[in-house]
Protein chains: 2
Amino acid sequence: MQKRIAELLKKNQLSITESRKKILELFQSANGALAHADIEKQSGEHFDRVTIYRTLQTFVEKGIIHTIPTADNSVLYALCKDECSAGHHHDNHVHFICDDCGTTYCLDHVDIPAIQLPIGFKAKQTDIVMSGVCKECNV
Amino acid sequence: MQKRIAELLKKNQLSITESRKKILELFQSANGALAHADIEKQSGEHFDRVTIYRTLQTFVEKGIIHTIPTADNSVLYALCKDECSAGHHHDNHVHFICDDCGTTYCLDHVDIPAIQLPIGFKAKQTDIVMSGVCKECNV
DNA sequence: TTTGTTTTGCAACTAGGTTGCAAATGCCTA
DNA sequence: TAGGCATTTGCAACCTAGTTGCAAAACAAA
Ligand SMILES: [Mn+2]
Ligand SMILES: [Mn+2]
Ligand SMILES: [Zn+2]
Ligand SMILES: [Zn+2]
């Protein structure tokens, strides 16, 4: 696990530092998306908040994580699939937020349906965020 | 036009004030969604920004306007259809942001398709935001 | 017009995020 | 494996968007 993390950083030409290792570890062991505040808490407040901001930015740029838009306009982050790289994200999947437990899921296997737009409109990207009750909280 | 605005306010049990009239007017003559900053500028900086925040909140609560989530986590507002009321929004339509001119459209006549979720997930709401080129900017 | 209620503007505050810079850490090569 | 260069970190200061308390102004009802 530790090895995989180091390799992932190397592959992206990032030096291996405590904060980067720890933050990646948090993402890999989380079962949903994480907010900046989650990381701050879960890392035991070892790192400056600025460091966390910069680490997240770097990871997004490198295609290691992607951001998830939410209805309440907070920012969430989740691991990208292997196909993503610097400047080329391929995170075309549906996101699901559980109203009950608050967990945000990347539903990688749910396809984005084609949507017929009015004449003249040409879509390049489709973001779908659903909410309701997740499989853990269901009954 | 002025009369319609006054009636809309009355129908929602809101007193008729300069700021509310002006802000409603801006929404009715806009062809897309508006951000707080747009309203601040377009109103000629006549109103305090706090007043604008509070007016927007009130309008959202009454079902006169609705918020639109965006990828860059800024907040946009647009007029609701007549069916919306306090505590009961029915704005289940697709939103479209033009990469070219920046206009955000409510596509009222585009239906949200059914999306098959993994077992155990139960959806209550679906938000779809598409982006690309709008009918004005197309060619 | 008077009176009571609602709304406004101002100032002060909060939360989330960014920037500049010196000190600390990590990487590379001898 | 130590030394030197480049990158990253932590701190302080700053910025922007949004919120709150309160007195003054505007509005609605009588
Ligand atoms: Mn995702
Ligand atoms: Mn809309
Ligand atoms: Zn849940
Ligand atoms: Zn356009």
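Since the structure is predicted, the reported quantities are computational estimates derived from the model, not experimental observations. Just so we're on the same page: letters track the sequence lines, and every chain starts at 1.
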Original post:
Can you tell me how far P of C:dG16 sits from CG of A:Leu76, to the nearest Å?
Top reply: 13 Å

Original post:
Over how many whole Å does the gap from A:Asn73 atom CG to D:dT19 atom P extend?
Top reply: 11 Å

Original post:
Centroid-to-centroid, A:Tyr105 to A:His95, below 6.0 Å?
Top reply: no

Original post:
CG of A:Asn12 versus C1' of D:dT7: gap in Å, rounded?
Top reply: 16 Å

Original post:
Checking only heavy atoms, does the side chain of B:Arg49 share a donor-acceptor pair with the base of D:dG18 at less than 3.5 Å?
Top reply: yes

Original post:
For the pair made of CG in B:Leu14 and C1' in C:dT8, what is the distance, rounded to whole Å?
Top reply: 15 Å

**OP:** Specify the separation, in whole Å, of atom NZ of A:Lys21 and atom P of C:dC27.
**Re:** 9 Å

Subject >> Base of D:dG18 paired with side chain of B:Arg54 (donor-acceptor, under 3.5 Å) >> reply: no

**OP:** Kindly say whether the aromatic ring centers of B:His66 and B:Tyr77 come within a distance under 6.0 Å.
**Re:** no

**OP:** Respond yes when some side-chain nitrogen or oxygen of A:Ser15 is under 4.0 Å from OP1 or OP2 of D:dT8, and no when none is.
**Re:** yes

**OP:** Decide yes or no for A:Pro118 and B:Leu107: does some side-chain heavy atom of the first lie under 4.5 Å from some side-chain heavy atom of the second?
**Re:** yes

Original post:
Would you say a side-chain N or O of A:Tyr53 is under 4.0 Å from OP1 or OP2 of C:dG17?
Top reply: yes

**OP:** May I have the distance from B:Glu18 (atom CD) to D:dA25 (atom P), rounded to whole angstrom?
**Re:** 17 Å

Original post:
Atom NE2 of A:His36 and atom P of C:dG17: how far apart are they, to the nearest Å?
Top reply: 7 Å

**OP:** Using the side chain to side chain donor-acceptor pair (under 3.5 Å) rule, take A:His88 and A:His90 through it: C-alpha gap first, then chi angles, then the decisive distance, then the call.
**Re:** CA-CA 6 Å; A:His88 281 281; A:His90 303 278; 4.8 Å; no

Original post:
When all nucleic acid strands are considered with a 4.0 Å heavy-atom cut-off, which category describes A:Gln57: base, sugar-phosphate, or nothing?
Top reply: sugar-phosphate

Original post:
Do the side-chain N or O atoms of B:Ser19 get closer than 4.0 angstrom to the phosphate oxygens (OP1, OP2) of C:dT8?
Top reply: yes

Original post:
To the nearest angstrom, how far is A:Ile39 atom CD1 from C:dG16 atom P?
Top reply: 14 Å

Original post:
Is there a side-chain polar atom (N or O) of A:Thr17 under 4.0 Å from OP1 or OP2 of C:dG26?
Top reply: no

**OP:** Measure the shortest side-chain to side-chain distance between B:Val75 and B:His36 over non-hydrogen atoms and say whether it is less than 4.5 angstrom.
**Re:** no

**OP:** Give one of base, sugar-phosphate or nothing for A:Arg20, where a contact means two heavy atoms less than 4.0 Å apart.
**Re:** sugar-phosphate

